[in-house]
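Only this structure's heavy atoms are used, side chains among them; waters, hydrogens and symmetry mates stay out. Note that this is a predicted model, so its numbers are computed, not measured. Every chain is numbered from 1, with letters handed out A, B, ... down the list of sequences.
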Amino acid sequence: MEASIIRGNLRDRIQNKLACSVIRDRRFLDDEQLLRSEQLAVLEEIFNANVRDAEISEISDHFAPILRNDHPYHLALWGKTGTGKTLTVRFFLNLLAEMCSEQAIPMREVHLDLSTPRPCFRALNDLACLLNASKRYKKGISLEELMLRIEESLADYKGYLVLFVDEVDNIRRDKDTFMSFLVRRLPQAVPSKLILVFASNRLTWPDNLDPRVKSFLRLNELIFKPYDAVDLQKILDIRVRKAINPEAVKPGVIEKIAALASRDHGDARQAVTLLARSACLAEKTGQSITLDLVDRAASEIEQDKYVTMIRTAPVQLQLAMAAVIQAARAHRGSALNSNASYDAYQHLAAMAKIRALTRRAFGDLLNELDMYCFLRAHVFSRGRYGRNREISLDLPAETLKAIESAILLNLGLGRSTQRTLSF
DNA sequence: TGTCCACAGGAAATACGGGGGT
DNA sequence: ACCCCCGTATTTCCTGTGGACA
């Protein structure tokens, strides 16, 4: 009898699920899963909704000379992440490529994506790969050699070459070498008509550029404003229509997501992620998307961000983070200083059988953690009792817990080993 | 006012590791 | 197999510093 009740419950649940399934086509909630053609279709729809209108028309003005066989300046786009710089440019270049091929104007576009920071060497290497000029190296080949290969591969191409350098400011170290290659050397070494398009999220980026490069660089600048709630609503609406069962969206949900997103960052990608996460939650619990679920999804996303960030971080950084969390727990209440956390760190390192770094290096780790907002390390002086960093953790306790257990698992100190030890 | 604590953090030195050239 | 080169991580060394205390 028990069994039949359970069976009945299960049946109900499954039927319930099918009846009010929330997500119709999951792929439209995640750009990665869309085919390129589908992506462009979505983009077209978005741009048709008059979002980023002003920017598109400015970009077209900028590139118009190409169709008259003229040579436009370079272009720099400023705007925060997720304001659609990349998408807009890709969408536009696609369009431009079509128009050029109609008019038999040779045009080639290359998208150099530097969304993760990398040194000059890797950036050049990536560029070379995109141009089929070389294979991927980790090290061991000189910058000069890479440059030569890039030039060689373009030696015969006389048409337009639009080089879209996404997130330029992500070049660590030797930025000037990279820039002066692109701006001064490449155009002279190669017959192609080179048009550089830089995208960056820091307005101040060109300030710390080599002045020689800067004076050489003829730039047109264009600023992308963050999406406002209205734009975001349009974008979300399109996604909802494609991906989600409209009945399953409670009124006000889209407005709320748009409002949250525009308040925090104005980032469309994150807004869509939030929508996706809410939809997933709704599907799991078998209800429709409610305002409450949106809140829960938002805090889950926040937590995930930290956990994945720390999981992929170098071991020593993880170790330092876990040590601080543990030390803070031990110190409950009283302020935590760098000395105590270093002790905890040494202890933890011994447990994980990892060589502990020196205090100096540990200090740098703390700074790095501070930079990523995992903790706050404030240096302050206690007079003749010396100076000290005071460390505080102000992430929610739940998040800290998740971070800690992720790290311990990574280091082989997870729950499972603890349990086997206690047996 | 000067002293002096106890660490911060800059700079240079050193270790490391991976890849190419030979 | 060996060496050299290059980029990165870490150590070593060292100077600087805010403010309580005498």
Length of the [atom1]-[atom2] vector between [X] and [N], whole Å:
{"X": "A:Tyr342", "N": "B:dA8", "atom1": "OH", "atom2": "P", "answer": "12 Å"}
{"X": "A:Asn125", "N": "B:dG19", "atom1": "CG", "atom2": "C1'", "answer": "12 Å"}
{"X": "A:Leu357", "N": "C:dT12", "atom1": "CG", "atom2": "P", "answer": "11 Å"}
{"X": "A:Asn337", "N": "B:dA8", "atom1": "CG", "atom2": "C1'", "answer": "13 Å"}
{"X": "A:Leu319", "N": "C:dA9", "atom1": "CG", "atom2": "P", "answer": "17 Å"}

Next item on the list: Verify whether one side chain among A:Asn220 and A:His74 offers a donor that lies under 3.5 Å from an acceptor in the other.
Entry: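 Absent: no donor and acceptor within the cut-off.
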Below 3.5 Å is the cut-off: list the nitrogen or oxygen pairs between protein and nucleotides 3-6 of chain B, distance only.
| unit_1 | atom_1 | unit_2 | atom_2 | d |
| --- | --- | --- | --- | --- |
| B:dC5 | O4' | A:Arg384 | O | 2.9 |
| B:dC5 | O2 | A:Gly383 | O | 2.9 |
| B:dC5 | O2 | A:Gly386 | N | 3.1 |

Next item on the list: Give me the ring orientation class for A:Phe374 and A:Tyr372: parallel if the planes are under 30° apart, tilted from 30 to 60°, perpendicular past 60°.
Entry: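 Perpendicular: the ring planes of A:Phe374 and A:Tyr372 meet at over 60°.
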Margin query: Please check this pair: side chain of A:Tyr227 against backbone of A:Arg52, looking for a donor-acceptor N/O pair closer than 3.5 Å.
Written below: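 Checked: no pair found.
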Margin query: Looking at A:Arg329 and A:Glu404, is there a salt bridge between them, counting it only when a charged N and a carboxylate O are closer than 4.0 Å?
Written below: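 A salt bridge links A:Glu404 with A:Arg329.
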Checklist line | Ring-ring centroid check A:Phe63 A:Phe92, cutoff 6.0 Å | finding: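 Yes, the ring centres sit under 6.0 Å apart.
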Check: Is any side-chain heavy atom of A:Leu77 closer than 4.5 Å to a side-chain heavy atom of A:Leu75?
Finding: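 Yes. Closest side-chain heavy atoms under 4.5 Å.
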Next item on the list: Given side chain to side chain donor-acceptor pair (under 3.5 Å), test A:Ser262 with A:Asp228 step by step and report yes or no.
Entry: CA-CA 6 Å; A:Ser262 74; A:Asp228 59 20; over 6 Å; no
Next item on the list: Answer yes or no: does a side-chain N or O of A:Arg359 lie under 4.0 Å from OP1 or OP2 of B:dC7?
Entry: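 For B:dC7, neither OP1 nor OP2 has a side-chain N or O of A:Arg359 closer than 4.0 Å.
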Next item on the list: Could you list the residues that satisfy side-chain contact (heavy atoms from CB on, under 4.5 Å) with A:Ala323, not counting sequence neighbours?
Entry: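 For A:Ala323 the side-chain contact (heavy atoms from CB on, under 4.5 Å) partners, ignoring immediate neighbours, are A:Ala344, A:Tyr345, A:Leu348.
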Note to self: Contact list please: residues 360-375 of chain A against DNA chain B, heavy atoms, distance less than 4.0 Å, in numerical order.
What the structure shows: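 Nucleic-acid contacts, sorted: A:Arg360, A:Asn367.
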